[in-house]
> 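The structure follows.
Fair warning: this is a prediction, and the values are worked out from it, not measured in the lab.
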Amino acid sequence: MEESPLHSFELHNYIPLSIGGLDISINKAVILMWIVVALVTVLMVMAGSARRLVPGKLQNLAEMLVDFIRSIILDTMGKDGMRFFPLIASLFLFILFCNLLGLIPGSYTVTSQIVVTAVFACLVYGLSLVMGFILHGAKFLGILVPPGTPGWLLPLMIPIELISQLARPISLAVRLFANMTAGHVILGVLFGLAISGGVLIGWLPFAFTIAMNGLEVGIAFIQAYIFTVLTCVYLGDAFHLHGHDDHAH
């Protein structure tokens with residue numbers, strides 16, 4: 001009986017824990033998240049403590065990541081968005097390291113769990129709503145009315161825009177979860193074919209497995225980038241009211 005390619009996504013509790021009926025058991029996903037947090041922290045602390053006029057490899061890597069995240073924020077949100085740099089940088093680095101560590105055989109892809117990506121998506125979208133109402137008050141509800149919409153179209157456009165807004169956290173969560181899950185399922189299937197194919201034909205799926213691993217590294221970066229860009233876009237809409245400010249001028 002062949003092993004299911006979804007078997008690698010199963011989680012088993014190492015240390016069962018519960019507080020007030022809330023399951024906080026320690027499993028592989030929890031341990032991997034601790035490792036990711038530790039790696040990101042060590043990377044940034046070591047890079048910051050070893051600053052030199054002529055940067056070393058670690059400092060170069062940290063500076064490249066910081067400049068990359070900074071450029072995303074400035075391009076999508078402007079200078080006002082730099083107040084969110086710590087949050088956005090943390091999200092990008094956490095998702096990126098989770099994606100990359102998940103490619104190590106025997107490891108676990110934390111971002112293949114919809115509950116993890118959903119928490120991040122709801123956090124980002126919820127923050128954009130809070131910031132929008134803090135900055136603009138009731139006027140923020142104007143995001144439900146595209147600029148220049150005739151009054152007779154409002155009964156149609158408001159429900160459409162409302163559905164569009166509600167779909168944002170769902171699409172943000174599902175996009176990351178689905179891409180990471182699909183890639184690892186394909187890798188699992190190809191590796192299984194390589195093992196069962198024997199020496200004569202097993203090399204073909206094994207070659208595809210190597211190619212897919214290289215592709216998955218690229219996807220790990222792309223998905224972290226897309227999540228970060230959309231985070232900046234949603235927060236930017238809270239600042240600029242979906243183009244209402246420009247329309248008003």
> Does the side chain of Leu91 come within less than 4.5 Å of Thr228's, by heavy atoms?
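Contact flag for Thr228/Leu91 side chains = no.
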> Can you find a pair of side-chain heavy atoms, one from Met82 and one from Arg70, that are under 4.5 Å apart?
yes
> What's the shortest heavy-atom distance between Ile73 and Cys232, and which atoms?
CG1-SG, 4.0 Å
> Can Val115 be reached from Val36 by stepping across I, L, V, M, F, W or Y side chains whose heavy atoms are under 4.5 Å apart?
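Linked within one cluster.
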> Would you say the side chain of Phe97 lies within less than 4.5 Å of the side chain of Leu43, judging by non-hydrogen atoms?
yes
> Taking all atoms of both residues into account, what is the closest heavy-atom pair of Leu166 and Tyr125, and its distance?
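Taking every non-hydrogen atom into account, N-OH, 4.5 Å.
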> Counting distance only, does the side-chain N/O of Ser128 pair as donor-acceptor with the main-chain N or O of Leu235 below 3.5 Å?
no
> To the closest 0.5 Å, what do you measure between CG (Leu176) and SG (Cys98)?
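Result: 9.0 Å between the selected atoms.
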> Quick one: do Gln113 and Tyr108 satisfy side-chain hydrogen bond (donor to acceptor under 3.5 Å, both in side chains)? Show the steps, please.
CA-CA 10 Å; Gln113 290 290 318; Tyr108 188 82; 2.4 Å; yes
> Ignoring hydrogens and geometry, is there a side-chain-to-backbone donor-acceptor pair from Thr181 to Phe177 under 3.5 Å?
yes
> Taking it one step at a time, do Leu230 and Arg175 satisfy side chain to side chain contact (heavy atoms under 4.5 Å, CB included)?
CA-CA 11 Å; Leu230 291 177; Arg175 181 183 292 106; 3.0 Å; yes
> Are Leu93 and Leu65 side-chain neighbours, meaning at least one heavy-atom pair lies under 4.5 Å?
yes
> Phe133, Val130: one ILVMFWY side-chain cluster at the under-4.5 Å cut-off?
no
> Would you mind reporting whether Leu129 and Phe140 have side-chain heavy atoms less than 4.5 Å apart?
yes
> Considering all heavy atoms of both residues, which atom of Pro169 and which atom of Ala121 are nearest to each other, and what is their separation?
O-CB, 3.3 Å
> Supply the atom-to-atom distance Leu127 CG to Cys122 SG, rounded to the nearest 0.5 angstrom.
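That separation rounds to 12.5 Å.
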> Looking at CD1 of Ile163 and CZ of Arg168, how far apart are the two atoms once the value is rounded to the nearest 0.5 Å?
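The CZ atom of Arg168 is 14.0 Å from CD1 of Ile163, to the nearest 0.5 Å.
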> Distance check, rounded to the nearest 0.5 Å: Thr109 atom OG1 versus Leu103 atom CG?
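That separation rounds to 6.5 Å.
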> Please round to the nearest 0.5 Å and tell me the distance separating atom CG of Asn27 and atom CD1 of Ile15.
10.5 Å
> Tell me whether Phe85 shares a hydrophobic cluster with Leu87, the cluster being built from Ile, Leu, Val, Met, Phe, Trp, Tyr side chains joined at under 4.5 Å.
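Yes, because Phe85 and Leu87 connect within a single hydrophobic cluster, where side-chain heavy atoms sit under 4.5 Å apart.
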> Between Phe92 and Phe68, how do the two ring planes meet: parallel, tilted or perpendicular, split at 30° and 60°?
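Tilted, since the angle between the ring planes falls between 30° and 60°.
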> Donor-acceptor pair, His136 side chain versus Ala238 backbone, under 3.5 Å?
yes
> Is there a path of hydrophobic side-chain contacts, each under 4.5 Å between heavy atoms of I/L/V/M/F/W/Y residues, joining Val174 to Ile95?
no
> Just wondering, do Ile31 and Tyr14 contact through their side chains at under 4.5 Å, heavy atoms?
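They are in contact (side-chain heavy atoms under 4.5 Å apart), so the answer is yes.
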> What is the minimum heavy-atom distance between Gln223 and Asn99, and which atoms define it?
CB-ND2, 4.2 Å
> Can Val233 be reached from Leu135 by stepping across I, L, V, M, F, W or Y side chains whose heavy atoms are under 4.5 Å apart?
yes
> Looking at CE of Met33 and OG1 of Thr111, how far apart are the two atoms once the value is rounded to the nearest 0.5 Å?
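It comes to 10.5 Å.
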> Is the centre of the Phe94 ring less than 6.0 Å from the centre of the Phe120 ring?
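Yes; Phe120 has its ring centre under 6.0 Å from that of Phe94.
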> Taking the side chain as C-beta and beyond, is there a heavy-atom pair between Phe84 and Thr231 under 4.5 Å?
no
> Within the structure provided, determine whether Leu172 and Phe227 are in side-chain contact (heavy-atom separation under 4.5 Å).
yes
> Applying the side-chain contact (heavy atoms from CB on, under 4.5 Å) criterion to Leu101, which one of Leu96, Val110, Leu39 satisfies it?
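Of the listed residues Leu96, Val110, Leu39, the side-chain contact (heavy atoms from CB on, under 4.5 Å) partner of Leu101 is Leu39.
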